[in-house]
Every structure is written in C-alpha cells, then in structure tokens.
Engineer: 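The structure's right below; bear with me while I get my questions together.
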Amino acid sequence: MAKPPPPLWLLAEVTHSCPLQCPYCSNPLDLIPKKDELDTENWLRVLHEARQIGAAQLGFSGGEPLVRKDLEVLIGAARKLGFYSNLITSGIGMDAERVERFRELGLDHIQVSFQADDAVLNDYLAGTHSFQHKLDMARAVKANGYPMVLCFVIHRQNIGQVRQMLDLAAELQADYVELATAQYEGWALLNRDHLLPTQAQVREAERIAHEYQAKLKGKMRIYYVVPDYYENRPKPCVGGWGRVFLAVAPDGLALPCHSARGLPGLELHNVRERSIEWIWNESPGFNHFRGEGWMKEPCRTCDEREKDFGGCHCQAFKLTGDPTNADPTCAKSPHHHLVEKAIDTSELGIITSKPIVFRQRNKNSK
Amino acid sequence: MSDTLNSKPGIALGYRLQWEEVQQCHVLLYPEGMVQLNDTAAAILAFCDGKRSVLGVIAALENEYEAEDLREDVVAFLHEAVDRGWVRYG
Ligand code: SF4
Ligand code: SF4
C-alpha cells in the first residue's frame with residue numbers, strides 16, 4: 001500500500017479527569033483512571049514523533065487538560081517543535097496568571113467552552129458553579145493578546161437560548177463563536193433522549209445564527225453546523241479515516257478518531273509499545289477504513305462516497321451494530337429509520353423516565 | 001484605493017506563517033485550521049509585517065524577486081486574504 005499522507009492534526013487527550021460533569025460529554029463511559037495516564041516523558045515523545053511525520057496542529061483536550069500539572073511543559077515543547085497548539089478547555093483550573101504563562105510558553109490559541117449564556121443553566125449543566133469564572137477567563141484570554149474563541153455545546157436543554165448566547169459573545173467581544181452540536185457518543189449517547197433537539201429547534205437556531213452572521217460580519221465569526229441527525233447525509237468521518245487526524249487517549253491508545261475505542265474488529269496500538277510513525281503508516285487500525293475496500297452497499301457504488309467516506313463508522317456501529325454499514329444518518333442507509341425514530345421521540349417531547357445522567361467517575365476506579 | 005496602498009497589512013491575530021518540511025510548502029496556521037500556500041502567496045505574506053505599507057510590500061517583492069508590475073497581483077491577493085481573515089490592516 002502506498003504511504004498515506006501525513007497526519008495534520010494531533011489530538012492529545014491528556015486526561016479524562018474533569019471538574020465538570022456535563023451530561024453531553026462525548027468521553028467514554030469508562031473514563032481512563034488517572035493512574036493509567038501517560039507520563040510527561042511519553043507525551044513529549046508523542047509530540048516529537050508526530051511532528052516528525054508532519055503533524056502541524058496540536059489540540060490539548062480531555063477531560064480537562066488544565067488538570068495536568070505538566071501542561072506547561074508540554075506547551076513549551078510543542079512550541080519548540082513548531083506545532084500550532086490549541087487548548088480546548090472549560091477554563092476551570094486556570095487563572096489570569098496561568099493564561100499569561102501559557103502565552104509566554106508559546107501556546108497559540110485557547111478555546112473556552114460555555115454550557116449556556118446564564119449562570120443558572122450553565123452551572124446546572126456543568127454540575128458546579130463555574131459561569132462567573134468562565135467569563136473572567138474569556139476576558140483574560142483576550143487581555144493576553146489571543147483571539148477570543150468561545151464554544152457553546154448546543155442541545156435540547158439550551159438550544160432555545162442561541163440568541164442570548166450570541167449576545168453574550170458579542171458583549172464579550174469574542175472573535176470566534178462555535179455553536180457546536182453535541183456528539184452522540186459516550187455520555188451524550190446515554191442521555192440522547194434528553195439532549196436531541198427537535199427539527200424545528202434546529203432550524204430556528206440556524207436562522208438565528210445566520211442573522212447574527214450577517215449582523216456581525218467582520219467583527220465576530222460564527223460557526224454553526226446543523227447536526228447530522230437532521231441532514232439526510234452524514235458528516236465525513238474526521239476528514240477521512242487515517243487521512244488527517246490522529247488522537248492519543250490518556251492511556252496512550254492511538255486512535256483514528258476519538259471514539260474509535262471498542263469498535264469490533266479494530267486492532268489498535270498503544271504509543272507505549274509502538275512509534276507514532278508505525279502506528280500512522282503501518283498499523284492495522286489506521287489502515288482499517290482507509291480506501292474503499294471495506295465498503296458495503298449502498299456506499300460501495302454511491303457517487304457521494306468520496307465526499308463523506310460513508311460517514312462515521314463509530315456511529316454506524318453504535319446504532320446498527322456493524323461499523324462497515326453506511327452511517328445511519330444517511331437517508332440512503334437501510335437503517336435510517338433508527339435516526340428518524342430518535343428524532344420522532346424528540347418531536348413528541350416524550351419525557352423519558354430515565355433521569356439525565358451527569359458524567360462521573362466510577363467510584364472504584366480513581 | 002490610495003488609502004489601501006498606504007495602509008499596513010499584517011498577519012491577523014492568531015495566525016502563523018510557517019514552512020512545513022514534510023509537506024514541502026508554506027502553510028498558514030490558525031485556530032484549529034491550516035491552509036497550504038503556493039509560493040506566491042507565501043512570498044507576499046512574508047512581507048506583511050504590519051510595518052510596511054502595501055506599496056512597501058510591492059516594492060520589497062519586486063526587489064527580492066527582480067520583478068516588475070507586481071502591483072495588480074499583490075492587491076488582488078491581499079483583497080482575498082483580508083476577506084478570508086488572514087490579513088488585517090493595522
Ligand atoms: S450511501 Fe454511503 S457514501 Fe453514499 S451518501 Fe450515504 S453514507 Fe455517503
Ligand atoms: S467513525 Fe465517527 S466517531 Fe469514529 S472516527 Fe469517524 S467520525 Fe469519529
């Protein structure tokens with residue numbers, strides 16, 4: 001097989017620990033315990049090896065990356081290696097001084113996520129008092145010469161407040177705002193009936209986003225992507241499996257996508273045992289869905305297969321039991337009714353008897 | 001027009017221009033994204049330091065590459081670069 005193109009994105013999921021408890025978290029239900037996390041030395045090696053084969057963008061995420069005490073060390077190393085590094089954070093675990101330190105060490109970008117535009121809903125969803133601190137941190141980021149990049153994760157519990165979110169962002173003088181859809185993986189999938197918005201809510205949010213895009217053109221960039229459940233076509237799997245994206249989980253497992261752990265038939269490797277170069281170029285896991293050999297009907301003969309690569313394999317697996325099926329968000333999928341049913345449940349406003357589950361660690365696995 | 005020619009283009013906040021050895025090209029990096037640049041684009045951006053005016057950028061390019069009449073290309077490129085958010089006038 002020809003050598004694959006270099007990965008452009010390295011996602012370093014440095015920890016699953018997090019002081020918040022968002023029910024829409026896409027981390028797996030089995031959170032990696034702290035004692036199994038890669039140590040500093042191994043992370044430094046991962047950064048070095050990934051940079052050598054061409055990774056240029058680096059995301060520090062989690063969990064909450066600020067929990068790692070060696071984050072400063074990793075940021076400094078990333079800058080020296082020539083990465084453009086992004087910190088994806090709730091803002092909890094830093095103060096103005098730490099932001100300044102990050103700046104001096106060469107961190108390029110900080111994205112602060114909000115649960116909602118007001119303290120009550122924000123703190124309810126986060127499971128802790130955090131709203132005021134987030135506001136302070138958004139301001140501290142900008143005061144340190146960074147662009148202010150805010151992210152609101154949108155779902156049924158807060159989608160009615162998109163206008164207020166954008167007003168808040170404008171008031172804070174944000175440069176970019178991402179209205180991100182919950183990814184129905186992990187905790188979010190568990191809570192899907194509480195989180196999936198109705199079709200009408202999704203379209204209304206889209207309309208408001210467009211209104212603000214026009215109104216604030218040149219001042220604030222707004223990204224809103226309609227969730228795949230409502231689009232009749234899937235989103236392309238992370239830019240194509242093994243084409244641009246490489247994630248490393250807190251325990252060192254290298255993943256073609258951050259939710260690929262546990263896909264049946266997928267042979268994944270740990271960075272403790274193998275080099276990044278081997279994992280990217282040679283490992284069976286990264287080659288598993290490269291190309292089109294794995295495809296079945298309807299994808300195999302579909303003229304859109306180079307656009308979306310058959311969609312998300314993890315979603316295909318979670319909803320149909322077989323990751324080589326077409327992503328069921330695609331209207332051509334014979335399993336598309338599963339997605340329609342989930343939306344119907346949402347349309348009917350059926351209040352499930354299952355309570356919403358806030359993310360938490362299994363008490364025994366500290 | 002003359003206003004624009006005298007204003008000073010710089011790489012926008014949060015953007016970074018850099019040579020990528022593995023890809024053998026210049027890229028522009030920004031929050032969670034990257035574009036690969038052709039040689040012309042990279043050459044122009046390299047002179048957008050926020051201190052030179054557009055006229056200064058043109059002169060520097062013509063000098064560096066021993067070329068003439070670059071004005072039109074540079075102005076067109078900068079127009080697009082501003083539109084995409086890569087470049088801002090200081
Ligand atoms: S059938 Fe497969 S390839 Fe075609 S649009 Fe649907 S998911 Fe994409
Ligand atoms: S299959 Fe889906 S969840 Fe898995 S890698 Fe692709 S986009 Fe991500």
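Chain naming here is simple, since letters A, B, ... match the order of the sequence lines and numbering starts at 1 in each. Predicted, not measured: the structure shown is a model, and the values here were computed from it.
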Engineer: Between A:Ile110 and chain B, which part of the residue has a heavy atom less than 4.5 Å away: side chain, backbone, both or neither?
Structural biologist: neither
Engineer: Among the options A:Ile53, A:Val149, A:Leu58, A:Ile88, pick out the one with the most heavy-atom pairs lying under 4.5 Å from chain B.
Structural biologist: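 The answer is A:Ile53.
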Engineer: Please name the residue in the list B:Arg16, B:Gln18, B:Met34 that meets the side-chain contact (heavy atoms from CB on, under 4.5 Å) test with A:Tyr84.
Structural biologist: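 Of the listed options, the one satisfying the test is B:Arg16.
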Engineer: For a 4.5 angstrom cut-off between non-hydrogen side-chain atoms, does B:Tyr30 reach A:Pro147?
Structural biologist: no
Engineer: Counting only heavy atoms from other residues, nucleotides and ligands, does the tally under 6.0 Å from CD of A:Gln183 exceed 12?
Structural biologist: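 Not buried by this count: 12 neighbours or fewer within 6.0 Å.
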Engineer: Does CG belonging to B:Asn38 count more than 12 external heavy atoms closer than 6.0 Å?
Structural biologist: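 More than 12 within 6.0 Å, yes.
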Engineer: So that I can tick it off, tell me whether B:Glu20 and A:Arg51 are bridged by a salt bridge, with the cut-off set at under 4.0 angstrom between side-chain N and carboxylate O.
Structural biologist: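 Salt bridge between A:Arg51 and B:Glu20, a charged N being under 4.0 Å from a carboxylate O: yes.
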Engineer: Might you confirm whether atom CD of A:Glu171 has over 12 heavy atoms from other residues, nucleotides or ligands at distances under 6.0 Å?
Structural biologist: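 Counting neighbours around CD of A:Glu171, 12 or fewer heavy atoms of other residues, nucleotides or ligands fall under 6.0 Å, so no.
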Engineer: For atom CZ of A:Arg98, is the number of surrounding heavy atoms from other residues, nucleotides or ligands below 6.0 Å larger than 12?
Structural biologist: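 Enclosed: over 12 neighbouring heavy atoms sit under 6.0 Å from CZ of A:Arg98.
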Engineer: For A:Glu211, I'd like to know if atom CD has over 12 heavy atoms of other residues, nucleotides or ligands within 6.0 Å.
Structural biologist: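 More than 12 heavy atoms, drawn from other residues, nucleotides or ligands, come within 6.0 Å of this atom.
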Engineer: Using a 4.5 Å cut-off on heavy atoms from C-beta on, say whether the side chain of B:Val22 contacts that of A:Gln52.
Structural biologist: no
Engineer: What part of A:Gln111 gets closer than 4.5 Å to chain B, counting heavy atoms only: side chain, backbone, both or neither?
Structural biologist: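 Contact with chain B involves the side chain of A:Gln111 alone.
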Engineer: Supply the atom-to-atom distance B:Leu13 CG to A:Lys142 NZ, rounded to the nearest 0.5 angstrom.
Structural biologist: 8.0 Å
